[in-house]
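The next block holds one structure in the form of C-alpha cells; read it before the comments.
Everything numeric here is computed off the predicted structure, so don't read it as measured data. Ligands are counted one by one from 1 in listed order, and the atoms in each one are counted from 1 as well.
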Amino acid sequence: MREMVARCRELVETIYIQYDASHDLDHIDRVMKNAEKILLKEPAADKLVVQLAVLLHDIEDAKYEAMHEATTNEMLDQIGASADLSAKVLSAIESVSFNGGHAKEITSIEGAIVRDADRLDAIGAIGIARAFAFGGARGRKLYDLEEEARRTMSASEYRAKETASVTHFHEKLLLLKELMVTTEGMRLAEERHDFMVSFLKQLKNEIE
Ligand code: ADP
Ligand code: NI
C-alpha cells in the first residue's frame, strides 16, 4: 500500500509541476495532511482510497486540463490499482469540485474526507494566499469594488467569468465552512473561516 501511494506521488509530480502555485504539489501535500487529520477521526474510511484520491484529485481539473494529456485512469493503471480500487478512487474524486455550487453529491466517506481536506486548503491564511496566487497567474485584479458577487450561477458561468480575487471569497471561499461534511472538517474550518473574515475587514479598512 505504501508503495502504491509513493509511486502515485512520483507520477503526479511531473504534472502538478506545470500548475501555478495555487494548485502545485505543495497543495497536494497540504491536502494529504488535512486528510490524514480527518482520517484519525474516521476509522471506518479506507485510507488507501483517500490517499490516492488526494494525489489524483486535480489531474483532470478543467482549469488546467490544457497543460497535459494524462488522465486519472491512466495513472491508476500505471500504479497497478485493481478495477475495484480505481472505481472507489474515481468516485471519491468526482464530488471534490465546487463547480460554482454545483458539486456532485458525496457518495462515500472517502469522498467526504477528500473534499473536506481540499476545501480546508481553500480557506484560512493558506486559502487567501492561494486565491491571490491563482488570480495573479491569470492576470486578475486583486479586488473590484464595483463587481457584485454572484449568489447563484451555473457551473459554466462560474468558470467563464474572470472575477477579481476578492470577489471569489464571496462566491466560494466564505461559503465553504457551511458545506463541510465531516465533523473534524467542520471543526478545522472554524478558525480558518474567522481568519478570512478578519482579513476582509482589514482589507476594506485599508482600501476604502
Ligand atoms: P473547484 O476546482 O473545486 O471547483 P475552484 O475552481 O473554485 O474550485 O478553484 C479552486 C481554488 O482555485 C480556489 O479555492 C481558489 O484558491 C482558486 N480560485 C479559483 N477561482 C478563482 C478566482 N476566480 N479568483 C481567485 N482564486 C480562484
Ligand atoms: Ni485541490
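Hydrophobic clustering places I109 together with L48 (ILVMFWY residues linked when any side-chain heavy atoms are closer than 4.5 Å, directly or through intermediates).
Assignment of R159 to the shell around ligand 1 is supported, since a heavy atom sits closer than 4.0 Å. In this structure, F132 has no heavy atom closer than 4.0 Å to ligand 1.
In the vicinity of A122, heavy-atom distances shorter than 4.0 Å reach the ligand 1 atoms 14 (O). Those atoms of ligand 1 with a heavy atom of H23 less than 4.0 angstrom away are 10 (C), 11 (C), 12 (O). Near L173, meaning under 4.0 Å from any of its heavy atoms, are these atoms of ligand 1: 14 (O). In summary, the atoms of ligand 1 found under 4.0 Å from a heavy atom of R130, numbered by their order in the structure, are 16 (O). Every atom of ligand 1 is numbered from 1 in the order shown, and the set under 4.0 Å from a heavy atom of D61 is 2 (O). Close contacts between ligand 1 and T163 involve ligand atoms 23 (N) [criterion: under 4.0 Å to a heavy atom]. Close approach of ligand 1 to R140 (heavy-atom distance below 4.0 Å) involves ligand atoms 22 (C), 23 (N).
Every N/O-N/O distance between S22 and ligand 1 stays at or above 3.5 Å.
Looking at F134, Y158, F98 and measuring to atom 7 (O) of ligand 1, the nearest heavy atom belongs to Y158.
No side-chain donor-acceptor contact under 3.5 Å links H170 to the backbone of T167. A donor-acceptor distance shorter than 3.5 angstrom exists from the side chain of H68 to the backbone of I59, with no hydrogens or angles considered. Judged by distance alone, the side chain of Q18 and the main-chain N or O of T14 form a donor-acceptor pair under 3.5 Å. Within the 3.5 Å criterion, the main-chain N or O of V181 finds a donor-acceptor partner in the side chain of D116. Judged purely by atom type and a 3.5 angstrom limit, E147 has no side-chain atom pairing as donor or acceptor with the backbone of T163.
With sequence neighbours left out, the side chain to side chain contact (heavy atoms under 4.5 Å, CB included) criterion links A129 to no other residue.
At a heavy-atom distance under 4.0 Å, atoms from both the backbone and the side chain of S97 approach ligand 1.
Between F132 and F169, the ring-plane angle classifies as tilted under the 30° and 60° cut-offs.
Nearest to atom 13 (C) of ligand 1 among the protein's heavy atoms is H168 NE2, 3.4 Å. Of the protein's non-hydrogen atoms, the one nearest atom 25 (C) of ligand 1 is A131 O, 3.3 Å. Taking atom 14 (O) of ligand 1 as the reference point, the nearest protein heavy-atom neighbour is K172 NZ, 3.1 Å. From the protein, the heavy atom lying nearest to atom 2 (O) of ligand 1 is K63 NZ, 2.7 Å.
Remark: R138 is positioned above the aromatic ring of Y64, its terminal NZ or CZ atom under 6.0 angstrom from the ring centre and at most 45 degrees off the axis.
For the side-chain contact (heavy atoms from CB on, under 4.5 Å) with R119, the lone residue among V114, V96, L176 that qualifies is L176.
Residues S22 and D20 bring a donor and an acceptor atom of their side chains to less than 3.5 Å of each other. Side chains of E206 and Q202: a donor on one and an acceptor on the other come within 3.5 Å.
Under the 4.0 Å criterion applied to side-chain N and carboxylate O atoms, E157 and K161 are not assigned as salt-bridge partners. At a threshold of 4.0 Å, the pair D29-K33 does not count as salt-bridged, since none of the basic side-chain nitrogens sits closer than that to a carboxylate oxygen.
Counting only protein N, O or S atoms, the number found under 2.8 Å from the Ni ion (ligand 2) is 4.
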